[in-house]
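Step one of this worksheet: look at the structure below.
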Amino acid sequence: MTNPLRSPKLRPWHLDRSAIVYVRQSTPQQVLEHQESTARQYALVDRAVALGWPHDCVTVIDNDLGLSGQSAEGRLGFQRLLAEVALDHVGLILGLEMSRLARSCKDWHQLLELCARFRTLLADADGVYDPTDYNDRLLLGLKGTMSEAELHILKERMYQGRLNKARRGELFGPPPIGYIALPSGEPTIDPDEQVQAVVRLIFDQFDRQGTVHGLLRYLVHHRIQIPVRPPYGPNRGRLEWRRPSRGTLLNLLHHPIYAGAYRHGYRPTDPRRQQPGRPGTGRRVRRAEECLVLIRDKLPAYISWERFQANQQRLADNRARHNAMGAPRAGAALLGGLLYCERCGRRMAVHYAGQKSASWYGCGRGAADYAEPLCQSLSGQVLDELVASQILAAVEPAALEASLAAVAEVERERAALLQHWQLRLERAVYESERAARQYQVCEPENRLVGRELERRWEEALKQQRQLEEEFRCWQQSAVARLTAADQEAIRTLASDLPAVWQADTTAPADRKRIARLLLERVTVMVDKDSDNVDVRLHWSGGLTSTHQLVRPVSRYDQQTNYPRLVQRLREMSAQRHSSSAIAAKLNAERFRPPKRTQQFTAAMVQRLTLRLGLSRRQPHGSREGLGRHEYRPTELARQLGVSRDLVRRWLRVGWLNVRRDEDGHHIIWADADELRRLRALHRLPRTWANKARLAELKKPKQRPTR
Ligand SMILES: [Zn+2]
């Protein structure tokens with residue numbers, strides 16, 4: 001008996017194995033809408049039976065319903081199909097069209113190769129193909145190529161359509177915070193006054209705080225919440241108030257819509273960065289100017305384009321990267337981020353050593369990256385003082401005007417916060433009144449609904465009362481209206497800028513902000529062999545000024561006036577002045593020791609004269625300057641037959657009669673009794689039994705007055 005449907009390609013070894021029907025629709029939507037197609041795919045089972053397979057030898061693989069055929073990735077059904085073929089279980093694969101099997105040539109040819117090796121047939125609505133047959137293989141390869149091309153054309157057409165719409169500025173996503181969507185989808189400013197006020201407040205406060213985190217802290221401190229209308233879910237489009245977060249604020253500040261611009265394509269996918277199995281990965285965020293489409297002045301705006309760009313610049317500067325200035329932080333050094341090395345052009349870093357106030361600037365990039373020696377470094381304090389004095393001199397003329405603006409600014413911020421509170425209160429009152437009305441219109445018999453409405457009314461009232469309480473707290477903590485005396489105080493302060501600059505209440509970050517407003521960059525050139533530093537200030541607006549600085553150095557011979565210092569020391573030593581007298585004279589003559597030390601001391605003079613070979617010390621063993629029964633420590637040690645260290649220890653703990661000569665050297669007085677006492681003290685075993693005796697021996701004898 002011959003079956004008319006039976007193809008001559010069908011052989012017994014095909015019928016020995018099972019037949020597989022592969023069913024797939026691309027998207028869940030297609031699964032719903034193209035039920036006809038799905039039904040036809042399932043009907044292929046009958047075709048397999050007609051071809052001669054027993055019904056229970058036909059397997060349907062439909063795991064991939066709702067999955068795209070772009071790649072075998074994630075398509076468990078297709079992978080199972082491959083596995084079955086490779087296990088030599090399959091005689092025939094049936095699909096409605098070959099394109100359903102694989103849209104990617106790579107997957108398609110892999111399947112063909114396997115089918116050829118395991119002598120599996122393929123069949124679609126048009127016929128049965130044998131991959132081992134040259135002509136069929138050619139045809140199947142062509143079908144695979146066509147299928148991939150079809151997918152490409154489909155996608156391209158859809159993409160071009162969307163892109164054209166976007167180029168006209170008519171393709172919209174969900175509206176961002178502060179906007180609502182018109183029926184056409186076009187975003188427009190939210191008519192809710194409180195929403196608008198919060199968005200404006202965020203931009204104003206970013207101008208003032210200068211950092212996203214500062215802005216966030218401000219919002220949290222003043223309990224300002226962010227108005228959100230969820231684009232999806234049961235509360236779609238309804239206004240909700242959520243706590244502010246860093247991510248939300250960053251999105252808001254980076255979004256060009258607030259400056260009235262339309263953008264499209266700001267998060268393209270980079271296939272190299274995609275991680276398999278995670279469809280959301282590989283996205284890169286583009287800056288506004290780099291978006292696929294950017295149309296300015298297209299939508300209603302909250303801020304000007306210039307302000308938007310200034311915000312972007314500020315956010316970029318705040319980044320802690322080598323090419324950004326970094327946000328002004330709490331450290332004392334004024335020029336962090338602003339200071340450049342004149343020698344190699346790199347930015348110089350701030351270092352804090354020991355105490356918080358002691359800072360130094362170093363150009364160590366080359367040292368870190370290429371193990372070069374440290375390019376140049378400089379103590380922070382002197383440079384900061386120089387730059388601060390220049391800044392104060394520059395702003396002095398505008399001080400009074402600034403003070404008036406400051407008064408206005410304090411008032412304006414207060415007004416903005418007050419408005420925010422009033423709007424919040426107004427909303428709370430409205431909510432509770434609405435709940436009350438809803439409760440009142442409810443029929444009293446309808447207890448099920450009535451109970452719920454009553455609960456909502458109570459909830460609304462509770463929230464209103466809580467808000468009123470918070471408002472009272474805020475009123476007490478917030479800045480009160482400036483009195484005439486306050487305003488006068490601000491004006492007085494303006495006349496004494498250095499005092500304001502140095503005041504403890506002026507935060508280092510504020511000083512840095514002022515410096516950044518006025519200065520674009522500062523470059524320094526340190527002369528390593530002297531204490532000279534060339535400083536160049538690049539003021540905003542293009543002016544530059546150059547200054548000379550005397551830096552603290554680590555060695556005397558780096559000082560410019562070192563030869564003069566040596567000369568003076570030589571003269572004074574020859575005159576046999578004492579060290580302390582020389583130190584006082586040097587200080588009076590405005591000589592300074594190295595290493596950030598302000599004044600010479602006798603000990604410093606002594607060390608320096610010794611090093612220079614100008615010692616005024618008496619030759620060893622000389623008793624010049626010593627009285628009767630007086631010894632220098634070394635001599636006393638020799639006299640007693642003990643070590644010099646022991647004498648020094650006795651000196652430290654005060655067991656000797658001692659005075660200092662004019663150079664600060666110790667001179668010990670010891671008569672025969674004292675020498676006896678010291679010898680006994682040295683010999684006495686330190687035991688508990690000798691405790692009292694030891695205490696007695698520790699006390700030096702009263703020196704008779706001369
Ligand atoms: Zn350098």
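Atom set for the values below is all heavy atoms of this structure, side chains included, hydrogens, waters and symmetry mates excluded. Numbering of ligands and ligand atoms starts at 1, following listing order. Heads up: numbering here begins at 1 and tracks the sequence.
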| task | May I ask you to check if R286 and Y266 form a cation-pi contact, with NZ or CZ under 6.0 angstrom from the six-membered ring centre and within 45° of the axis? | result |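 Geometry flag: not set, cation outside 6.0 Å or 45°.
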
| Over-ring placement of R200 relative to F203, 6.0 Å and 45° cut-offs |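 Not flagged: R200 not positioned over aromatic ring of F203.
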
| From CH2 (W501) to CZ (R511), nearest 0.5 Å |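 W501 atom CH2 to R511 atom CZ measures 7.0 Å (nearest 0.5 Å).
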
| Is it the case that E342 and T523 place a side-chain donor and acceptor less than 3.5 Å from each other? |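 Yes, a side-chain donor-acceptor pair sits under 3.5 Å.
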
| query | List-wise, which protein N, O or S atoms are found short of 2.8 Å from the Zn ion (ligand 1)? | reply |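 C341 SG, C344 SG, C363 SG, C375 SG, with waters left out.
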
| Are more than 12 heavy atoms from other residues, nucleotides or ligands located less than 6.0 Å from atom CZ of R283? |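 Atom CZ in R283 is crowded, with more than 12 foreign heavy atoms closer than 6.0 Å.
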
| query | Centroid-to-centroid, Y302 to Y179, below 6.0 Å? | reply |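 Yes, ring centres under 6.0 Å apart.
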
